[in-house]
Amino acid sequence: MRETRLPKHPKLAGLPLDHLGIAVHDLDETSLPYRLLGLVQVGEDELISSQGVRVRTLQAGESLIELLEPTTDESPIAAFLTKRGPGLHHVAFRVDDLKEAVERLASQGARFIDREPRAGRAGTRVAFLHPQWGVGVLIELVEHQ
Ligand code: CO
């Protein structure tokens with residue numbers, strides 16, 4: 001069996017899962033299964049104009065679910081829905097220091113969509129890694145203020 005050696009770094013040991021982002025056509029229609037599962041909405045729906053997306057956040061234990069509805073045809077979420085239909089869009093990990101995490105991962109060869117952190121939901125700072133680097137998964141790093 002091939003031995004797998006992962007780089008050990010104290011700040012990357014067991015990063016908590018912050019949220020799963022799920023692309024949907026309609027927030028109200030899509031929330032029902034999650035409500036029946038007992039997940040409760042956190043705060044109000046939030047419009048992120050720069051991304052052309054409306055976000056509804058649900059609490060799932062210590063993690064969150066982000067339901068993402070496109071508000072314009074130019075939204076990356078609209079493009080995702082056209083290409084792949086509704087479903088899992090990204091996986092987000094929580095970091096203490098986003099800038100430091102980005103610099104360190106970039107120095108290890110990670111490919112980023114956002115080399116510079118940008119504004120996310122609820123005052124967070126976020127940076128997305130390239131899905132090819134994530135072996136088919138769009139990975140987001142998120143820092144809470
Ligand atoms: Co997200």
Side-chain angles (χ1 to χ4, degrees), residues 6-145:
L6 293 172
K8 284 219 169 72
H9 190 290
K11 287 189 178 169
L12 275 184
L15 278 189
L17 181 67
D18 187 80
H19 66 266
L20 301 177
I22 297 173
V24 305
H25 288 290
D26 184 291
L27 286 179
D28 291 323
E29 275 179 25
T30 317
S31 294
L32 182 62
Y34 299 101
R35 286 188 193 285
L36 294 179
L37 287 167
L39 275 54
V40 176
Q41 181 168 351
V42 181
E44 300 291 320
D45 293 350
E46 190 174 336
L47 180 67
I48 302 179
S49 311
S50 60
Q51 292 294 300
V53 66
R54 193 186 324 276
V55 185
R56 179 169 298 173
T57 306
L58 308 171
Q59 189 82 44
E62 298 194 358
S63 303
L64 301 167
I65 302 281
E66 271 181 2
L67 300 178
L68 308 160
E69 177 193 84
T71 56
T72 72
D73 290 343
E74 288 75 46
S75 165
I77 298 300
F80 180 91
L81 287 168
T82 301
K83 199 169 160 195
R84 300 173 63 167
L88 184 63
H89 178 262
H90 66 269
V91 174
F93 295 98
R94 198 175 310 151
V95 297
D96 291 333
D97 184 337
L98 181 57
K99 199 132 182 66
E100 184 271 339
V102 169
E103 293 305 322
R104 180 161 36 79
L105 285 166
S107 77
Q108 291 169 331
R111 279 180 69 195
F112 279 87
I113 293 174
D114 303 302
R115 201 58 178 71
E116 287 299 318
R118 58 185 164 87
R121 183 195 63 78
T124 57
R125 305 284 298 162
V126 304
F128 283 89
L129 286 133
H130 197 283
Q132 267 176 13
W133 183 81
V135 199
V137 176
L138 179 59
I139 296 174
E140 175 187 356
L141 302 177
V142 55
E143 177 191 316
H144 290 257
Q145 303 298 309

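Both counts, for ligands and for their atoms, begin at 1 and track the order of listing. Side-chain atoms are counted along with the backbone in the values below, which use heavy atoms only and exclude waters and symmetry mates. We number each residue from 1, following the sequence as shown.
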Per residue H90, nearest N, O or S atom to the Co ion (ligand 1) is named NE2
Is there a side-chain contact between L68 and H90, using heavy atoms and a 4.5 Å cut-off? yes
Looking only at N, O or S atoms in E140, which is nearest to the Co ion (ligand 1)? OE1
Short side-chain to backbone donor-acceptor contact, T71 and G52, under 3.5 Å: yes
Are side-chain N/O atoms of E66 and H89 paired as donor and acceptor at under 3.5 Å? no
For E66, what is the atom name of its N, O or S atom nearest to the Co ion (ligand 1)? OE1
Among the N, O or S atoms of H19, the one nearest the Co ion (ligand 1): NE2
In short, R94 meets D18 closest at the heavy-atom pair NE-OD1, 2.7 Å
